[in-house]
Amino acid sequence: MSRSFRRAAPRLAVAAALALLAGCEAGPDYVRPSAPVPAAYKETDPGWKIGQPEDAIDRGAWWSIYRDPVLDGLERQIDISNQTLKAEEAAFRQSEALAAQARAGLFPTLSANASAQRSRGGGGGGGGSTGAGVSSRGGGGISNFFDLTANASWTPDLWGSVRRQIENTEATAQASAGTLAGARLSAQGTLASDYLEVRVADELKRLLEQAVAAYSRSLQITQNQFRSGTASQSDVAQAQAQVDQTRAQLIAVGVSRAQFEHAIAVLIGRPPAEFSIAPVNDVLAVPQVPPGMPSALLERRPDIAVAERQMAAQNAEIGVAEAAFYPTVTLSADYGAASSMLSTLFNPANRIWAFGSTAAQTLFDGGTRQATLAAQRAGFDQTVATYRQTVLSAFQQVEDELAALRILHQQAAAAASATAAAREAERVINNQYLAGTQAYTAVIVAEQTALADAENQLTIRQSELVASVALIQALGGGWNAAQLPSSERIESDQPLNFSPIPAPDPHPVK
């Protein structure tokens, strides 16, 4: 073995040891815990078929399943003007900045210092020069001092504490992105529900307008019969009361419609006074929403993704707590120059330098580190329970809406049959009254029953439409966990594009 190799061997050993230590990370590596996932949805209609390609939900514009251009235009304005989304997007950018701050802990700190000082000391008299840059007059000497130094300090991440902190902040940033996606889905779902309520209100208004017109015709007939002596004044009064009561219902529809319209305006970031939705005569159909496989729900729900990322962040905190049990090594170096005269500051003789290292180890802290580690492990167990509860709640929401749609579909069929029968009874009894074989009271009852059945049928379809939106929301609305930003994306600090939806039309929806 050569002498040069023997001299280099200790340094190589130290370098190898440092390289091995640099690869150590305290704490457990994250593995996603299991969650209860059923093999199939319980409440799916036995006759349910897999949706055809044209029935599938667009992965971005899921509301396109309702085939309504006005709704499409409104939904596309949420990404631009909704203030809740702007707040969540700012929270995501803040979490990105915290991740960048954590990554900075891997690198050394460099600083530069420069100073110039002129001072006068105490002492005896006498005058004259006392040396370069120093003079003595009367009560003391005046001296100058100049220095310029550069300092470097680095704490190697020997035990992975910084890397675990990076894992924590990046997972937290991903959870923030999931929260943003959840807020966006919630705003989209709320807007869709409010819009469907507006359209149902339009339909109810048309139904009541038709009833008022029909009842007004009956009132006119009854008044004519009263003048001819074939009807009583009570018949006229009953007919008038029915018209006025139905007209009052018609007026009341405007209250709920206005409130839903105002809510939509706020969702798209506009003052209610500057926004309106024109009535239409279209009747929205209840779409079929393919639920997919239960196992896919774990990747489609933003709240599940948030809970999962929170587990990863908390798992990294365990590593940070464990790394506190190991010593901290800090390397430092200084280089510069100092002189009593500025002109000689950069002379070789005035150069100064120093380098060294320090190691610190806590020997006794009264159990603080053990308690911190126990708290972080308990925190991880808490996030696991929260994650599993979130998954269970997600499946409950899907099953609830599947059951609602299945049962409402059956109820709608029965209500449609009842409405048809009531309309037929109304026609027959009205003809009998005109023929003089029925009292007008029977006509009033038949008309009220027919209107009530028609309103009930509309209410059921309203519930079906709202339940379809709730089901799409429960299924994640076309979102997927793959849309969460990766660690590389967070490090690049690029704008978060959480939507494949193109920009909206520049003209406002009226």
Side-chain angles (χ1 to χ4, degrees), residues 41 43-76 185 188-211 253 256-257 260-261 263-264 277-292 397-398 400-423 450-478 501 509:
Y41 290 114
E43 298 294 346
T44 303
D45 192 328
W48 197 285
K49 67 180 181 66
I50 300 298
Q52 300 299 320
E54 61 269 18
D55 298 328
I57 301 175
D58 189 305
R59 294 201 63 80
W62 56 263
W63 52 86
S64 62
I65 198 172
Y66 296 98
R67 307 183 189 281
D68 189 298
V70 178
L71 174 61
D72 184 75
L74 292 170
E75 290 283 4
R76 292 170 188 270
L185 177 59
Q188 291 171 344
T190 301
L191 190 150
S193 296
D194 290 348
Y195 179 81
L196 295 176
E197 295 279 11
V198 168
R199 291 310 180 208
V200 169
D202 289 342
E203 193 170 348
L204 177 59
K205 182 180 179 182
R206 292 195 299 271
L207 175 64
L208 293 173
E209 286 174 340
Q210 293 169 1
V253 173
S256 60
R257 189 189 193 280
F260 285 122
E261 193 176 72
I264 292 172
I277 300 175
V280 297
N281 293 323
D282 298 334
V283 176
L284 292 177
V286 179
Q288 280 196 346
V289 182
Q397 292 171 9
V398 174
D400 285 349
E401 302 309 327
L402 286 173
L405 283 172
R406 174 174 55 80
I407 296 170
L408 286 169
H409 180 71
Q410 299 170 359
Q411 188 180 3
S417 178
T419 301
R423 290 296 188 192
L451 178 59
D453 286 346
E455 288 180 311
N456 182 55
Q457 183 180 358
L458 179 57
T459 299
I460 293 172
R461 193 155 61 79
Q462 174 189 18
S463 298
E464 286 186 283
L465 288 168
V466 173
S468 68
V469 174
L471 177 58
I472 294 174
Q473 279 188 267
L475 292 171
I501 304 173
V509 177

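Index from 1, following the sequence.
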Original post:
Roughly how far apart are Leu475 CG and Leu402 CG, rounded to 0.5 Å?
Top reply: 7.0 Å
Original post:
Taking the side chain as C-beta and beyond, is there a heavy-atom pair between Ile277 and Leu74 under 4.5 Å?
Top reply: yes
**OP:** State, to 0.1 Å, how close Tyr66 and Ser468 come at their nearest heavy-atom pair, and which atoms those are.
**Re:** OH-OG, 2.6 Å
Original post:
Taking side chain as C-beta onward, heavy atoms only, is Arg423 less than 4.5 Å from Asp453?
Top reply: no
Original post:
By side chain to side chain donor-acceptor pair (under 3.5 Å), which residues pair with Gln473, not counting sequence neighbours?
Top reply: none
Original post:
Are the side chain of Ser417 and the backbone of Ala413 linked by a donor-acceptor contact shorter than 3.5 Å?
Top reply: no
**OP:** Measure the shortest side-chain to side-chain distance between Asn456 and Ile460 over non-hydrogen atoms and say whether it is less than 4.5 angstrom.
**Re:** yes
For residues 192-201, which side-chain N or O atoms pair as donor and acceptor with protein atoms under 3.5 Å away, sequence neighbours left out?
residue, atom, partner, partner atom, Å
Ser193, OG, Gly189, O, 3.1
Tyr195, OH, Asp68, OD1, 2.8
Tyr195, OH, Asp68, OD2, 2.9
Tyr195, OH, Arg199, NE, 2.9
Tyr195, OH, Arg199, NH2, 3.0
Glu197, OE1, Gln462, NE2, 2.2
Glu197, OE2, Gln462, NE2, 3.4
Arg199, NH1, Asp202, OD2, 2.9
Arg199, NH1, Ala278, O, 3.0
Arg199, NH2, Ala278, O, 3.4

Subject >> Side chain to side chain, Arg206 and Val283, heavy atoms closer than 4.5 Å >> reply: yes
Original post:
Do the non-hydrogen side-chain atoms of Glu203 and Arg461 ever get within less than 4.5 Å of each other?
Top reply: yes
Original post:
Mind checking whether Leu71 and Leu191 have side chains closer than 4.5 Å, heavy atoms only?
Top reply: yes
Original post:
Any side-chain heavy-atom pair from Ile472 and Trp63 closer than 4.5 angstrom?
Top reply: no
